[in-house]
Amino acid sequence: MEFTLDAFVTLSSEQIERLVAFYRDFLLMEPTVCSKAYAEFELPGLRLAIFTPKAAHAAQFASSAGSSMSLCLEVCDLAGAIAHLTAIGHAPPDAIMHTSHGQEVYAYDPDGNRLILHQAKK
């Protein structure tokens with residue numbers, strides 16, 4: 001069996017315009033693909049796709065509280081990333097956590113998807 005050499009993360013949203021606007025503001029970039037029902041952002045080593053599921057499949061993509069899925073983004077300046085999230089109206093709800101591998105904070109996009117912003121130890 002052969003697998004594709006390309007992989008990306010997808011987020012479904014019933015309010016795609018709101019979610020695309022959040023990621024546009026947060027990532028400081030325009031999507032490389034954008035339509036009424038689909039958008040893609042190209043990050044180093046990752047494509048992030050956002051889509052509106054077809055009505056017949058909406059229940060399969062309904063948000064479930066307590067999801068273990070997180071979008072982890074490595075940042076060079078955690079304090080700057082937190083300030084940026086705060087400036088666009090999505091301040092992380094908790095303080096920075098200091099871990100054995102660096103420091104990180106959890107934040108959430110408008111649909112409640114968890115973001116982990118991580119800065120590695122220097």
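- Between I88 atom CD1 and L28 atom CG the span is 8.0 Å, to the nearest 0.5 Å.
- Applying the under-4.5 Å side-chain rule to Ile, Leu, Val, Met, Phe, Trp and Tyr, the cluster around Y106 extends to M97, Y108, I116.
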Report all side-chain donor-acceptor pairs from residues 36-47 shorter than 3.5 Å, counting only partners two or more places apart or in another chain.
unit_1 : atom_1 : unit_2 : atom_2 : d
Y38    : OH     : E40    : OE2    : 2.4
E40    : OE1    : R47    : NE     : 3.3
R47    : NH1    : D6     : OD2    : 2.6

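- Shown are L78, V105, L115, L117; of these, the side-chain contact (heavy atoms from CB on, under 4.5 Å) with P92 is made only by V105.
- Contacts of T99 classified as side-chain contact (heavy atoms from CB on, under 4.5 Å), with partners at least two apart in sequence or in another chain: H101, E104.
- Contact of the F51 side chain with the L19 side chain is not registered, since no non-hydrogen atoms from C-beta on lie closer than 4.5 Å.
- Among residues at least two apart or in separate chains, salt bridge (charged side-chain N to carboxylate O under 4.0 Å, His left out) pairs with a member in residues 20-32 are R24-E30.
- In this structure, OG in S12 is found 8.0 Å from CG in N113, a value given to the nearest 0.5 Å.
- Screening residues 72-93 for side-chain hydrogen bond (donor to acceptor under 3.5 Å, both in side chains), with sequence neighbours left out, gives E74-H118.
- Across all non-hydrogen atoms, the minimal contact from P53 to E14 is CG-OE2, 3.7 Å.
- Take S13 and apply the side-chain hydrogen bond (donor to acceptor under 3.5 Å, both in side chains) test, not counting sequence neighbours, and it matches D111.
- The two residues Y23 and D109 come nearest to each other via the heavy atoms OH-OD2, 2.8 Å.
- Among residue pairs with one or both ends in residues 84-98, none qualify as salt bridge (charged side-chain N to carboxylate O under 4.0 Å, His left out); sequence neighbours excluded.
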